[in-house]
There are 2 protein chains.
Amino acid sequence: MDRFVSNYTLRLDAKGRVSIPAPYRAVLARDGYEGLYCYPALDQPAVDAGGNALLAEIEALITRYPHYSDERDAFTLALYGTSETLKIDTEGRVILPDTLKAHAGIADAISFVGLGHKFQIWEPGRFRAQLAEATGTVRALKKQLGSRVAAHEAHGARE
Amino acid sequence: MDRFVSNYTLRLDAKGRVSIPAPYRAVLARDGYEGLYCYPALDQPAVDAGGNALLAEIEALITRYPHYSDERDAFTLALYGTSETLKIDTEGRVILPDTLKAHAGIADAISFVGLGHKFQIWEPGRFRAQLAEATGTVRALKKQLGSRVAAHEAHGARE
DNA sequence: TTGACGACCATAAGGTCCCATGTTATCCCA
DNA sequence: TGGGATAACATGGGACCTTATGGTCGTCAA
């Protein structure tokens, strides 16, 4: 598999270490990035993490704006400036810096959430709440799409 | 055959394993996806499952919305975040995670239901009830749309 | 020297692989 | 066409490996 999916809740040990779920490690290994690239999510109490695919996305976002523009400076500062590359130990674990733990409100357990090209790190309780909210949103949106699709089908479009 | 059709009810063994019906395995093999992609159905107590065809549908659903939009984030979280890629063992069996079993209310038996490009996994009792309800709905709709459908079929629409 | 950190080792639980068995469906040949 | 051989499939169980997690020891730096 080549994308991050599913979610896993794991505990930090006494030294603050936490295993990256094995399936995610497999994706990272395929992606070819050494370590774990991560930074605080812009509008959520979570940490974005990934490998080269995530880095490429960041870069695309920044290069959208012209050199020396205020927007570019702001993005560069906010994203690159707060990013960390975490070392992955021989057992596949990382240690989250205190700044990232504080941003996400993480104490002794974390939830990993696959989002395709990247994954997020949440405090388990907040993650459950966020997931419930997102699920509600999706249900509502899908209902909207449903009626549009139904109208479409009525013309005889088959699949 | 390249579509999931028919339904099968199979039992879970003591280790929680369940065979994927052989006809479905054949479809998955043709589809070329390694493993079984699945996630909790949004508005039913069931699990949606399939291969690349299902994954493509999910992706299409997500990419309908622009990057960085709230809608897209919600879809990504709710769909990728709750998806699982189950490993299929050498005998063609999978183990459903507890989260999926809980969502569908599955204990010791499950019903596989073919829906074309994907299939669903139900608790057998709930499936029977759902099927009865759907049959009633279809009967009513068919009666109501009978003349329109007949006219449509006359153009050569198959099936 | 002490404390933080990284490399290495240990272990229990769960997952995966492999082999075995009974039952059903399919095929083939008389 | 009938019946036996054969293959496919669902199911069961045991051995082994992976993973998550905990701990120890040495090293480097403040």
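Sequence lines set the chain letters: A, B, ... in the order given, protein chains first and strands last, and positions in each chain run from 1. Below, each value reflects all heavy atoms present in this structure, side chains not excepted, and no hydrogens, waters or symmetry copies.
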- Query: Which part of the nucleic acid, if any, lies within contact of B/Asp13, taking any heavy atom under 4.0 Å across all strands shown: a base, the sugar-phosphate backbone alone, or nothing?
  - Reply: sugar-phosphate

- One should read off an interatomic distance between A/Leu42 CG and A/Leu79 CG, to the nearest 0.5 angstrom, of 5.5 Å

- Message: Applying a 4.0 Å non-hydrogen cut-off, can you work out what B/Lys87 is touching in the nucleic acid: base, sugar-phosphate, or nothing?
- Response: sugar-phosphate

- Indicate the atoms forming the closest heavy-atom contact of A/Leu54 with A/Ala49, along with that distance. CD2-C, 3.5 Å

- Message: So B/Arg17, base contact, sugar-phosphate only, or nothing? Heavy-atom distance under 4.0 Å.
- Response: base

- Query: Using 30° and 60° as the class limits, which term best fits the ring planes of B/Phe112 and B/Phe119: parallel, tilted or perpendicular?
  - Reply: tilted

- Message: What's the separation between atom CZ in B/Arg30 and atom CG in B/Asn52, rounded to the nearest 0.5 Å?
- Response: 14.0 Å

- Query: Looking at A/Leu55, A/Thr63, A/Ile62, which hits side-chain contact (heavy atoms from CB on, under 4.5 Å) with A/Glu59?
  - Reply: A/Thr63

- Look up atom CD in A/Gln130 and atom CD in A/Gln44, then write down how far apart they are to the nearest 0.5 Å. 5.0 Å

- Task: Could you check which residues of residues 91-118 of chain A get a heavy atom under 4.0 Å from DNA chain D? Sort them by number, please.
- Result: A/Glu91, A/Arg93

- Task: Could you list where the contact with chain B starts and ends along DNA chain C, reading 5' to 3', using a 4.0 Å heavy-atom cut-off?
- Result: C/dT16 to C/dC19

- Item | Evaluation steps, salt bridge (Lys or Arg N to Asp or Glu O under 4.0 Å), between A/Lys118 and A/Asp48 | CA-CA 7 Å; A/Lys118 69 178 179 187; A/Asp48 280 11; 2.7 Å; yes

- Message: Testing A/Val18, A/Ile88, A/Asp13 one by one against A/Arg93 for a side-chain contact (heavy atoms from CB on, under 4.5 Å), which residue passes?
- Response: A/Asp13

- Message: If I compare all heavy atoms of B/Ala74 with all of A/Ala134, which pair ends up nearest, and what's the gap?
- Response: O-CB, 3.8 Å

- Query: Given axes from five pairs at either end, by how many degrees does the helix from C/dT1-D/dA30 to C/dA30-D/dT1 bend, rounded to 10°?
  - Reply: 30°

- Task: Indicate whether the side chain of A/Thr85 and that of A/Tyr33 have a donor and an acceptor atom separated by less than 3.5 Å.
- Result: yes

- Message: Through direct or indirect side-chain contacts below 4.5 angstrom among Ile, Leu, Val, Met, Phe, Trp and Tyr, which residues connect to B/Trp122?
- Response: B/Val113, B/Leu115, B/Phe127, B/Leu131

- Which part of the nucleic acid, if any, lies within contact of A/Ile20, taking any heavy atom under 4.0 Å across all strands shown: a base, the sugar-phosphate backbone alone, or nothing? sugar-phosphate

- Item | Pairs satisfying ring pair (Phe, Tyr, Trp, His ring centres under 6.0 Å), at least one member in residues 44-99 of chain A, at least two apart | A/Tyr65-A/Phe75

- Within a radius of less than 6.0 Å around CD of A/Glu91, do more than 12 heavy atoms belonging to other residues, nucleotides or ligands occur? yes

- Task: With a 4.0 angstrom cut-off to heavy atoms of chain B, pull out the first and last contacting nucleotide of DNA chain D, in 5'-to-3' order.
- Result: D/dC9 to D/dG14

